[in-house]
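These notes concern the structure reproduced below.
FYI, the numbering just counts along the sequence from 1. First listed ligand is number 1; within each ligand, the first listed atom is number 1.
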Amino acid sequence: IYRVFPFLFFIGKAALVKIPSSSSEIPASVPYLLIGGGTASFAAFRAIKSLDAKAKVLIVSEESYLPYMRPPLSKEVWYDPDADKDDELTFKQWNGSEKSLFYEPEDFYISVKSLDESPKGGVAVARGWKITKIDPVKRVAYLEDGHEIKYEKCLLATGATPKMLDVFSKAPEEIQKYVSTFRGIPDYVELNKLVKETESIAIVGGGFLGSELACALARRAKLENPKLKVYQIFKEPGNMHKILPEYLSLWTTNKVSNEGVQVITNSEVQDVKLESNSVSLILNDGNKVSANKVIVAVGVDPNTELARSSGLEVEPDCGGFVVNAELEARSHLFAAGDCSCFYDVKFGRRRVEHHDHAVISGRLAGENMVGAGKPYLHQSMFWSDLGPDIGFEAIGVVDSSLPTVAVFAKASDKDSPKAAVAESDDNIRSNLKANQSKSSTDDTSQKDPSSGKGLSKGENEYGKGVIFYLRNDYVVGIVLWNVFRRMTVARQVLKDEKKYDDLNEVAKLFNIFEE
Ligand code: FAD
Ligand code: NAD
Ligand code: NAD
């Protein structure tokens, strides 16, 4: 919908702010140009600055905001009814401590106008501005009004845009008013207003965003609007089905239902009709769901429009700008984060849509822009929380179509995202240091050979565990289910490239049997 009707993005939301208001104030030449104001750009800036202390870095971002983190937008912000107070966009972490969505406050950045003259260098963010073309030979980037910015090194960190389903984008405009996608602060601000008074919200999509947001909105309903019904509609049989093995996906759906979400599985929206102050979603089995708001969370498309105008290559299967293991697309031009399809020396060509990947690839691109020449070797991780009590961390190739072997153990209150955040005081879990200690021999495991049939303790409960994803008998991915601060161990298991006879033994490395 954004691409078809870009103006809709700002209807009823904060107006698009351009800072500076005129492109004449944007430098005509910069040493480092970062395109995009997200996490990958921010990580690149930090890396550049740490290697080149007086670097002058210009970020050009289409968003009206300074760089901020997206993960809390489908999690913590909804558990704290005061999150939007004073427009500061702070939120409470699972352990109750307060944090800002923004990586840095306004006064951390220097103004775009003064970047050129600044003897100490610094980073400036041109907000509300879009780069529409790059000439990689002349090393010039063009703004939408034709203003030219010459660069020495440039990073593409353009992220991704949520997909919309045809059933909504082809519907009449009166219906489209009820339908949104969800990606950034304006989407949150709009939905946060609605949540207080509305009676029904339907989320379409069973992946990360749909599942996290459904749980978060259901908890929020309990806090301040008990009449609100939250529906989650998706075509798979269980939540996060593309990631989790079938039995765990089904178990998770049960948990999501217990959070108060009306989960409608194996279903697609076939038609949509206007009602008095809501829309009626007609599903493939003929059932209807009436909703005052529909949030479509059916994945994203990487933002690669620049490729066409700039002679850049896009990978046809995974989408994303094609870059090598050093994250270089063309000479002096790099790409990182959601928008890049990079060569992973270990697992082949990949594109990854997660926060820690944006941090790690952004940092690597930044280092290479200063001349480090390092390949992508450090695997990124990702995490997901379905509220403060259930969460997982994962690394490598995590795809439920691969064979899996899982080892589960009994969980206690300590095995939750909330407890993990209480210990580290950081909601961004990729920062956590692994805590590797000796493995336990107290074997109370429930070994599950991927089918879910192996449970022996009479309690069909996947409290905490380790799930190994195998390709040709090698471990290529690991999910740590309600197991936290063990990412270094997981990273090492992937690195070892061994064939294991007994993954139960490997699971012990993660101390899951400790009470
Ligand atoms: P983005 O954050 O999308 O930033 C791209 C930036 O580029 C934007 O500012 C955009 O406006 C700008 N831009 C695009 N084109 C242009 C142009 N031509 N000119 C100028 N600017 C441009 N991941 C996790 O691992 N864990 C989580 O718990 C998690 N939760 C999430 C929750 C939500 C609600 C969302 C939306 C995502 C979540 N993610 C999570 C995914 C994670 O946030 C993304 O992978 C990450 O933001 C990618 O960073 P990026 O810098 O590549 O792209
Ligand atoms: P901090 O950890 O309190 O960071 C403040 C905020 O900035 C956090 O939300 C964090 O996620 C974010 N942040 C920090 N470094 C970032 C980066 N390079 N790119 C994007 N976001 C970043 O305090 P701090 O002193 O800034 O960080 C402590 C150390 O941890 C630093 O050396 C930093 O480079 C490192 N770090 C590592 C990772 C990782 O390995 N995934 C991620 C972030 C930070
Ligand atoms: P996703 O890729 O995780 O899930 C896509 C879901 O869309 C699928 O599960 C499916 O139910 C549905 N779908 C796809 N095509 C469809 C179609 N044609 N018709 C009907 N349904 C369809 O993406 P998402 O959940 O929309 O999340 C958006 C982005 O944000 C992704 O990049 C995701 O990785 C990221 N995100 C990550 C986290 C996290 O890492 N914890 C949290 C939130 C969002």
Side-chain angles (χ1 to χ4, degrees), residues 34-44 59-77 125-134 141-144 155-167 181-185 187-188 203-213 216 232-236 238-243 249 265 267-269 295-306 309-310 320 335-340 351-359 361-362 380-386 391-394 417 427-430:
L34 312 180
I35 305 174
T39 299
S41 264
F42 185 74
I59 293 179
V60 177
S61 172
E62 222 184 330
E63 287 184 275
S64 305
Y65 298 89
L66 291 169
Y68 62 92
M69 55 184 93
R70 301 187 195 276
L73 293 177
S74 52
K75 306 177 195 64
E76 293 92 335
V77 294
V125 189
R127 281 172 271 173
W129 289 97
K130 182 173 182 168
I131 299 285
T132 52
K133 187 183 156 183
I134 296 169
Y142 300 84
L143 290 174
E144 67 258 47
L155 175 69
L156 297 156
T158 51
T161 302
K163 290 194 231 183
M164 181 45 79
L165 295 171
D166 282 354
V167 67
T181 53
F182 191 90
R183 179 82 184 168
I185 287 176
D187 305 313
Y188 160 62
I203 295 171
V204 180
F208 289 104
L209 179 58
S211 304
E212 290 178 356
L213 202 53
Q232 191 189 3
I233 303 162
F234 52 85
K235 57 185 176 181
E236 295 89 2
N239 290 71
M240 303 202 196
H241 196 259
K242 288 188 183 134
I243 299 286
S249 165
T265 60
S267 296
E268 287 185 66
V269 180
I295 302 287
V296 180
V298 296
V300 294
D301 288 320
N303 291 326
T304 55
E305 302 89 326
L306 275 170
S309 56
S310 315
D338 279 16
C339 73
S340 83
R351 193 172 64 78
V352 178
E353 297 170 358
H354 293 289
H355 175 92
D356 187 49
H357 177 70
V359 172
S361 62
S380 64
M381 59 80 77
F382 65 89
W383 77 97
S384 176
D385 296 341
L386 297 172
F392 66 88
E393 299 182 352
N427 70 305
I428 295 294
R429 294 226 294 280
S430 53

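Nearest to atom 38 (C) of ligand 3 among the protein's heavy atoms is F208 CB, 3.4 Å. Given atom 12 (C) of ligand 1, the protein heavy atom at minimum distance is G36 CA, 3.6 Å. The closest protein non-hydrogen atom to atom 21 (N) of ligand 1 is E62 N, 3.1 Å. Looking at atom 26 (N) of ligand 1, its nearest protein heavy atom turns out to be W383 O, 3.4 Å. Nearest protein neighbour of atom 23 (O) of ligand 3, counting heavy atoms only, is G299 CA, 3.3 Å. Summary of contacts: the protein heavy atom closest to atom 27 (O) of ligand 3 is L209 CB, 3.3 Å. Of the protein's heavy atoms, R183 NH2, 2.8 Å lies nearest to atom 3 (O) of ligand 1. The protein heavy-atom contact nearest to atom 42 (C) of ligand 3 is E212 OE1, 3.1 Å. In this structure, the protein non-hydrogen atom closest to atom 24 (C) of ligand 1 is H355 N, 3.3 Å. The protein atom (non-hydrogen) at minimum distance from atom 51 (O) of ligand 1 is A40 N, 2.9 Å. At the shortest separation from atom 28 (C) of ligand 3 among protein heavy atoms lies V300 CG1, 3.8 Å. At the top of the distance list for atom 52 (O) of ligand 1, counting protein heavy atoms only, stands D338 N, 2.9 Å. Scanning all protein heavy atoms for the shortest distance to atom 40 (C) of ligand 1 gives P71 CG, 4.0 Å.
For F42, the closest heavy-atom approach to ligand 1 does not fall below 4.0 Å. Heavy-atom separations between S61 and ligand 1 include at least one value shorter than 4.0 Å.
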*Step by step, would you call L306 with I134 a side chain to side chain contact (heavy atoms under 4.5 Å, CB included)?*
CA-CA 7 Å; L306 275 170; I134 296 169; 4.3 Å; yes

*asked:* Using the rule given for side-chain hydrogen bond (donor to acceptor under 3.5 Å, both in side chains), can you reason through E212 versus S384, listing the C-alpha separation, both sets of side-chain angles and the distance that settles it, and then say yes or no?
replied: CA-CA 8 Å; E212 290 178 356; S384 176; 2.6 Å; yes

_Using the rule given for ring-ring contact (aromatic ring centres under 6.0 Å, His included), can you reason through F42 versus Y68, listing the C-alpha separation, both sets of side-chain angles and the distance that settles it, and then say yes or no?_
CA-CA 9 Å; F42 185 74; Y68 62 92; over 10 Å; no

_With side-chain hydrogen bond (donor to acceptor under 3.5 Å, both in side chains) as the criterion, how do Q232 and N239 come out once you've worked through the C-alpha distance, each side chain's angles and the decisive distance to 0.1 Å?_
CA-CA 10 Å; Q232 191 189 3; N239 290 71; 2.9 Å; yes

*Check the pair L386 / K75 against side chain to side chain contact (heavy atoms under 4.5 Å, CB included), numbers first and verdict last.*
CA-CA 8 Å; L386 297 172; K75 306 177 195 64; over 6 Å; no

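Neither the backbone nor the side chain of D385 has a heavy atom within less than 4.0 Å of ligand 1. Contacts of D385 with ligand 3, taken as heavy-atom pairs under 4.0 Å, are absent altogether. Contacts between V298 and ligand 3 below 4.0 angstrom, taking non-hydrogen atoms only, involve backbone and side chain alike. Under 4.0 angstrom from ligand 1, the non-hydrogen atoms of A160 all belong to its backbone. Neither the backbone nor the side chain of K163 has a heavy atom within less than 4.0 Å of ligand 3. Only the side chain of K75 comes within 4.0 Å of ligand 1, counting heavy atoms alone; its backbone N, CA, C and O stay farther away. The proximity of K242 to ligand 3, defined as any non-hydrogen pair under 4.0 Å, is limited to the side chain. Only the side chain of K235 comes within 4.0 Å of ligand 3, judged by heavy-atom distances.
Below 4.0 Å from some heavy atom of A358 lie the following atoms of ligand 1, by number and element: 48 (C), 49 (O). Listed by number with element, the atoms of ligand 3 under 4.0 angstrom from any heavy atom of G207 are 3 (O), 4 (O), 6 (C), 9 (O), 25 (O). The G38 neighbourhood of ligand 1 comprises atoms 2 (O), 4 (O), 6 (C), 9 (O), 51 (O), with distances under 4.0 Å to a heavy atom of that residue. The T39 neighbourhood of ligand 1 comprises atoms 51 (O), with distances under 4.0 Å to a heavy atom of that residue. The atoms of ligand 1 that sit less than 4.0 Å from any heavy atom of I35 are 17 (C), 19 (N), 20 (C). Within ligand 1, counting atoms from 1 as listed, the ones closer than 4.0 Å to a heavy atom of F382 are 25 (O). Proximity to S384 (heavy-atom distance under 4.0 Å) selects the following atoms of ligand 3: 41 (N). Listed by number with element, the atoms of ligand 1 under 4.0 Å from a non-hydrogen atom of A157 are 5 (C), 6 (C), 7 (O). Applying the 4.0 Å criterion to heavy atoms of W383 picks out, from ligand 3, the atoms 39 (C), 40 (O), 41 (N). Set against the non-hydrogen atoms of G159, the atoms of ligand 1 under 4.0 Å away are 1 (P), 3 (O), 5 (C), 52 (O), 53 (O). Applying the 4.0 Å criterion to heavy atoms of A297 picks out, from ligand 3, the atoms 6 (C), 7 (O), 26 (O). Residue-ligand proximity, W129 to ligand 1, at heavy-atom distances under 4.0 Å covers atoms 20 (C).
Taking the six-membered ring for Trp and the full ring otherwise, F182 and Y188 have centroids separated by 6.0 Å or more. A centroid separation of less than 6.0 Å is found between the aromatic rings of F208 and H354. If you look at H355 and W383, their ring centroids are closer than 6.0 Å.
In terms of modelled atom types and a separation under 3.5 Å, the side chain of S380 and the main chain of D356 share no donor-acceptor contact. When atom types are taken as modelled, the side chain of S309 and the backbone of T132 share a donor-acceptor pair closer than 3.5 angstrom. When atom types are taken as modelled, the side chain of S361 and the backbone of G337 share a donor-acceptor pair closer than 3.5 angstrom. In terms of modelled atom types and a separation under 3.5 Å, the side chain of S267 and the main chain of T265 share a donor-acceptor contact. The main-chain N or O of K130 is never found under 3.5 Å from a side-chain atom of E62 such that the two would form a donor-acceptor pair.
In terms of polar-atom proximity, defined here as any N/O pair under 3.5 Å, K130 makes no such contact with ligand 1. Annotation: G206 places an N or O atom under 3.5 Å from an N or O atom of ligand 3; distance criterion only. Considering backbone and side-chain N/O atoms, G337 never comes within less than 3.5 Å of an N/O atom of ligand 1. Some N or O of H354 is nearer than 3.5 Å to an N or O of ligand 1, by distance alone.
Ion pair K163/E353 not flagged as a salt bridge, since none of the NZ, NE, NH1 or NH2 atoms sits closer than 4.0 Å to an Asp/Glu carboxylate oxygen. A salt bridge does not link R351 to D301: none of the charged side-chain nitrogens sits closer than 4.0 Å to a carboxylate oxygen. Salt bridge R127/E63: absent, no basic N to carboxylate O contact under 4.0 Å.
The closest non-hydrogen atom to atom 1 (P) of ligand 1, taken over E144, E353, R70, M381, comes from R70. Here atom 19 (N) of ligand 1 lies nearest to I131 when heavy atoms of T161, I134, I131 are compared. With distances taken over non-hydrogen atoms, the option nearest atom 10 (C) of ligand 3 out of H354, E236, E353 is E236.
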